[in-house]
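Okay, structure first, notes after.
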Amino acid sequence: MKKVVLSCALCVLPVVGWAQAESPRLTEPLTVVVGYAPGGASDRAARIVAEGLEKQLGVPVVVENKTGAGGRIAAQYVKAADSKKNVLILGNPAVMVVAPLVYKNLDYDPIKDFQPVSMVTEYGFGVAVSADSDIKDIEDLVAWAKANPDKFNVAVPATGSLPHFFGLMLADAIGTKAEIVGYRGSAPVLTDLIGGVIPVAIDTLDVLTRQHAGQRIRILATSGKDREVDLPDVPTFDESGIDLEASGWNAFFASAAMPAEKIQMLGEAIKTVTADPKVQETLLQNTLIPVSADANETATLIADFRKQWEPVVRDSGFVVTQ
């Protein structure tokens with residue numbers, strides 16, 4: 001500290017300019033935009049991280065829900081944000097990877113219009129049946145699907161969602177075809193699955209876990225590398241003999257106009273927050289797997305994700321023309 005003071009006395013302007021460039025600090029509130037309604041997985045992740053980030057940055061961090069169009073309205077809003085404002089979006093693969101592949105008329109380009117800041121959570125998928133189903137495990141499911149290809153109907157919360165494309169990956173992995181049945185959200189999927197209207201469903205684990213614990217559905221396998229902490233009795237696909245691993249994520253992005261030094265600073269700050277054991281525990285309690293990554297690490301993770309999912313989405317032929 002004494003050396004810094006002496007340097008400032010000798011050369012005030014250069015040192016001040018260097019300090020500002022190397023260590024930018026926010027002086028105004030940070031807004032985190034979430035493209036989904038309060039209470040959902042993305043919203044919970046944003047609010048858990050925002051609480052810790054407020055302490056880390058020393059400025060208010062406000063979570064703002066801009067719902068509609070599956071998160072694309074929020075993306076358009078952040079794309080157009082003033083570069084002088086502190087605005088981030090908590091994006092997911094549906095908005096940042098899948099949308100440009102399936103929507104013919106999209107008002108943003110995830111690569112050109114946004115910069116990765118920090119990935120904060122990861123989440124897995126599960127394939128489930130009713131608790132009353134005769135299908136008890138993945139081996140049963142594979143045998144049934146191959147014997148009844150015309151009945152292998154898989155419910156997902158929305159067409160064009162990650163569960164939709166994961167269903168195609170699953171069918172390909174077990175060597176058969178699946179009819180993907182898109183619903184309007186997870187609630188009706190669970191209703192029809194529990195009631196036996198649909199034989200199989202795929203959704204995110206934060207949706208399925210509680211119903212599994214309540215013995216209303218049976219999760220046959222999970223998509224992660226390791227077993228889920230909340231589902232110690234459920235094997236992974238790999239453990240079940242199927243070479244299949246996939247996940248989704250929540251990550252902060254800034255508009256392309258935000259200065260690089262601010263991106264780096266925010267990425268480091270968020271990484272520090274998500275490395276906090278208390279924050280990680282809270283995320284895990286919300287069925288979200290903590291990820292601690294700065295801007296550069298996040299860019300690499302998302303690039304790897306695109307390599308896995310883009311061919312699946314393109315090969316599906318799924319396109320939205322509106």
Side-chain angles (χ1 to χ4, degrees), residues 1 4-5 7-8 12-36 38 42-66 71 73-92 95-96 108 110-121 249-280 282-283 288 290-302:
M1 184 65 186
V4 173
V5 172
S7 298
C8 288
V12 173
L13 292 178
V15 172
V16 170
W18 176 86
Q20 289 175 339
E22 291 295 318
S23 303
R25 288 288 180 265
L26 300 189
T27 57
E28 296 182 356
L30 172 67
T31 299
V32 172
V33 178
V34 178
Y36 305 95
S42 294
D43 181 72
R44 296 198 307 273
R47 293 180 187 279
I48 291 167
V49 175
E51 183 177 354
L53 192 57
E54 192 167 80
K55 299 174 183 177
Q56 181 73 18
L57 296 175
V59 297
V61 178
V62 180
V63 177
E64 186 175 339
N65 298 87
K66 286 193 173 294
I73 288 177
Q76 293 164 11
Y77 175 82
V78 175
K79 169 193 170 181
D82 187 334
S83 62
K84 296 179 182 179
K85 300 294 184 180
N86 304 319
V87 181
L88 301 179
I89 181 174
L90 187 67
N92 61 21
V95 176
M96 294 298 179
Y108 65 90
I111 297 176
K112 294 180 180 179
D113 296 330
F114 293 92
Q115 303 177 76
V117 177
S118 179
M119 187 175 290
V120 293
T121 64
W249 40 259
N250 287 295
F252 287 104
F253 294 81
S255 73
M258 183 176 283
E261 60 271 17
K262 186 182 287 188
I263 295 286
Q264 295 299 320
M265 182 274 289
L266 288 171
E268 291 290 349
I270 296 169
K271 179 178 180 178
T272 298
V273 171
T274 52
D276 186 321
K278 293 183 179 179
V279 173
Q280 293 190 349
T282 304
L283 289 169
L288 295 165
V291 177
S292 189
D294 62 20
N296 294 331
E297 293 164 339
T298 298
T300 299
L301 290 169
I302 293 174

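Note that the structure is a prediction, hence the values are computed from the model and not measured.
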Across all chains, not counting sequence neighbours, the salt bridge (Lys or Arg N to Asp or Glu O under 4.0 Å) partners of Lys262 are none
Tightest non-hydrogen contact, residues Met96 and Pro110, listed as O-CB, 3.3 Å
Go through the structure and list residues passing side chain to side chain donor-acceptor pair (under 3.5 Å) with Asn92, not counting sequence neighbours.
Tyr36
Which donor-acceptor pairs under 3.5 Å do side chains of residues 51-59 form with protein atoms, sequence neighbours excluded?
{"residue": "Glu54", "atom": "OE2", "partner": "Val61", "partner atom": "N", "Å": "2.8"}

Does Asp113 have any side chain to side chain donor-acceptor pair (under 3.5 Å) partners at least two apart in sequence or in another chain, and if so, which?
none
Are Thr31 and Asn86 side-chain neighbours, meaning at least one heavy-atom pair lies under 4.5 Å?
no
side-chain contact (heavy atoms from CB on, under 4.5 Å) partners of Ala254, counting only residues at least two apart
Leu88, Val117, Met258, Ile263
Give the C-alpha distance, both sets of side-chain angles, the deciding distance and a yes or no for side-chain contact (heavy atoms from CB on, under 4.5 Å) between Phe252 and Thr298.
CA-CA 9 Å; Phe252 287 104; Thr298 298; over 6 Å; no
Partners meeting side chain to side chain donor-acceptor pair (under 3.5 Å) with Lys79 (sequence neighbours left out):
none
Mind running side-chain contact (heavy atoms from CB on, under 4.5 Å) on Arg25 and Met265 for me, showing each step along the way?
CA-CA 8 Å; Arg25 288 288 180 265; Met265 182 274 289; 4.0 Å; yes
How would you list, by chain and number, every residue that makes a side-chain contact (heavy atoms from CB on, under 4.5 Å) with Leu301, sequence neighbours excluded?
Met119, Val291, Ala293
Supply the atom-to-atom distance Leu283 CG to Ile48 CD1, rounded to the nearest 0.5 angstrom.
4.5 Å
Test side-chain contact (heavy atoms from CB on, under 4.5 Å) applied to Ala46 - qualifying residues, sequence neighbours left out:
Val32, Val34, Val63, Leu90
Side chain to side chain donor-acceptor pair (under 3.5 Å) filter on Ser42, not counting sequence neighbours, yields Asn250
Can you confirm whether Val279 sits close enough to Pro277 that some side-chain heavy atom of one is under 4.5 Å from a side-chain heavy atom of the other?
no
Considering only NZ, NE, NH1 and NH2 on the basic side and carboxylate oxygens on the acidic side, decide whether Lys271 and Glu297 come within less than 4.0 Å.
yes
Contacts of type side-chain contact (heavy atoms from CB on, under 4.5 Å), residue Lys66, not counting sequence neighbours
Val33, Glu64, Ala74, Tyr77
